[in-house]
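Order of the sequence lines sets the chain letters (A, B, ...), proteins ahead of strands, with each chain counted from 1.
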2 protein chains.
Amino acid sequence: MLEMAILGLLNEAPMHGYELRKRVLALLGGFRALSYGSLYPALKRMREQGWICAQDPVDTSRVLPADAPPLTGKRGKVVYALTAEGKERFQGLLTDGGPEAWEDERFGVRFAFFAQTDVDVRLRILEGRRRRVEERRDGLRASLSRTRERVDRYTLELQQHGLDSVDREVRWLSELIDSEKVDRVAVDGNENTL
Amino acid sequence: MLEMAILGLLNEAPMHGYELRKRVLALLGGFRALSYGSLYPALKRMREQGWICAQDPVDTSRVLPADAPPLTGKRGKVVYALTAEGKERFQGLLTDGGPEAWEDERFGVRFAFFAQTDVDVRLRILEGRRRRVEERRDGLRASLSRTRERVDRYTLELQQHGLDSVDREVRWLSELIDSEKVDRVAVDGNENTL
DNA sequence: TTCGTCATGTAATGGGTTACATGATTAC
DNA sequence: GTAATCATGTAACCCATTACATGACGAA
């Protein structure tokens, strides 16, 4: 999750860690916090993998080697940028509409980069997501009709609110899917018009 | 989170691990999965702490000591029950309306046991939760009005949907708070009627 | 000059998941 | 008899958080 967010943001423009953190937070709508304790180690890992490189804060024309020492003493902004491998990796993630793409943790990030994603992949992910949320809705509905009358007000209230939330999400996804389909027909004319 | 859920469910009735897992899942509306890899170690920890005890599956009149061997070979259902300390611990958690009670991870569980929670504690938690969600809403609103027009359709769509969700949650909480206040006035008459 | 925020990182720790290993019971 | 589901656990791992340590820069 973090990985794709970082790759995607650095794909737009190089930037330093502190700013990256703020952008990631904004990207996901400020839902979850992102601590430096997970950001910097992630950047380090990705540098070791060769996906990103770090600009030397002293001599800005130089790139820091992946195994560079932690820069004790005088430190400055370290600007990170995607390498060719990093760009490739990001493109790969963009094309991958596999099952995990529509799970809770991933979906938000995948969606955030939909503008750079292919229509068919977008549709696969949206439909997969909808199925996922519908499953949850059906489970919740079943449990609600089973337990109603037998449980206290608060349990009922919590389950009802949960059900309303997933219902809303299903409707939202359905609208997005419909509008994607309209767009797709408008673009490639005939095939898969079902 | 897990700890309170387990204590609360065992407070209703003794049960074995497998059933406990299903109940925890139902309790939180099936939102998150709960694997045995986190349930059983949690039960083990709680047994060591003295909050719960495990019934010997062979001689059901006996209680397994906390440091009992893992029962290789023939295994049967292990029924867990709260000890006196466990009941005390649960009561303590019920009374604690501290700041973490209204954070995302805890709120669901706290709410699930509201029927056993004091009105004043309920109100504290609900109001804390509302403040928390309002903060998020305001951050989201600010970010939305800042970026609108400058971002793509999908980013906008995601942020708008997020905003709608938190708006709905604030309204839900407000309704609950109002109805709690009505109840409280009905019960203790005058003080804090503001 | 001191406070707030910008800025970079590490170490310890925690809490969870997946994958694995094992066996009992029930329904077909 | 065999498949599904009930049932109990461990071990390896992953990813994130908290707390810590350090320092630069601009504004009051």
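Between Lys77(B) atom NZ and dT26(C) atom P there is a gap of 8 Å when expressed in whole angstrom units. When the P atom of dC15(D) is taken as reference, atom NZ of Lys44(A) falls 16 Å away, rounded to whole Å. Rounded to an integer number of Å, the gap from CG of Leu43(A) to P of dG9(C) is 8 Å. To the nearest angstrom, C1' of dG23(D) lies 15 Å from NE2 of His16(A). Rounded to whole Å, the distance from OH on Tyr18(A) to P on dC6(C) is 4 Å. Between the CD atom of Glu3(A) and the C1' atom of dA16(D) there is a distance of 15 Å, rounded to whole Å. Taking atom OH of Tyr80(B) as the reference point, atom P of dA7(D) lies 13 Å away to the nearest angstrom. The CZ-C1' distance, from Arg47(A) to dG9(C), rounds to 11 Å in whole Å.
Applying the side chain to side chain donor-acceptor pair (under 3.5 Å) test to Glu103(A) and every residue at least two apart in sequence or in another chain returns Arg132(A).
Distance CZ/Arg124(A) to CD/Glu180(A): 14.0 Å, rounded to 0.5 Å. For the atom pair CH2 (Trp172(A)) and CZ (Arg130(A)), the distance works out to 13.0 Å, reported to the nearest 0.5 Å. For the atom pair Leu140(A) CG and Leu158(A) CG, the distance stands at 9.0 Å (nearest 0.5 Å). For the atom pair CD (Glu127(A)) and CD (Glu134(A)), the distance works out to 10.5 Å, reported to the nearest 0.5 Å.
Smallest separation of non-hydrogen atoms from Tyr154(A) and Phe114(B): CG-CB, 3.5 Å.
With respect to Arg136(B) and Glu169(B), no salt bridge is recorded, no charged nitrogen being found less than 4.0 Å from a carboxylate O. Using a 4.0 Å cut-off between charged side-chain N and carboxylate O, Arg137(A) and Asp164(A) make no salt bridge.
An end-to-end axis angle of 30° holds for the helix from dT1(C)-dA28(D) to dC28(C)-dG1(D), taken from five base pairs per end and rounded to 10°.
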Identify all pairs in which a protein N or O lies below 3.5 Å from an N or O of nucleotides 15-20 of chain C, and state each distance.
residue: dT17(C); atom: OP1; partner: Ala33(B); partner atom: O; Å: 2.8
residue: dT17(C); atom: OP2; partner: Ser35(B); partner atom: N; Å: 3.3
residue: dT17(C); atom: OP2; partner: Ser35(B); partner atom: OG; Å: 2.7
residue: dT17(C); atom: OP2; partner: Ser38(B); partner atom: OG; Å: 2.8

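Remark: of the listed residues Thr117(A), Ile125(A), Leu126(A), Leu126(A) is the sole one forming a side chain to side chain contact (heavy atoms under 4.5 Å, CB included) with Phe111(A).
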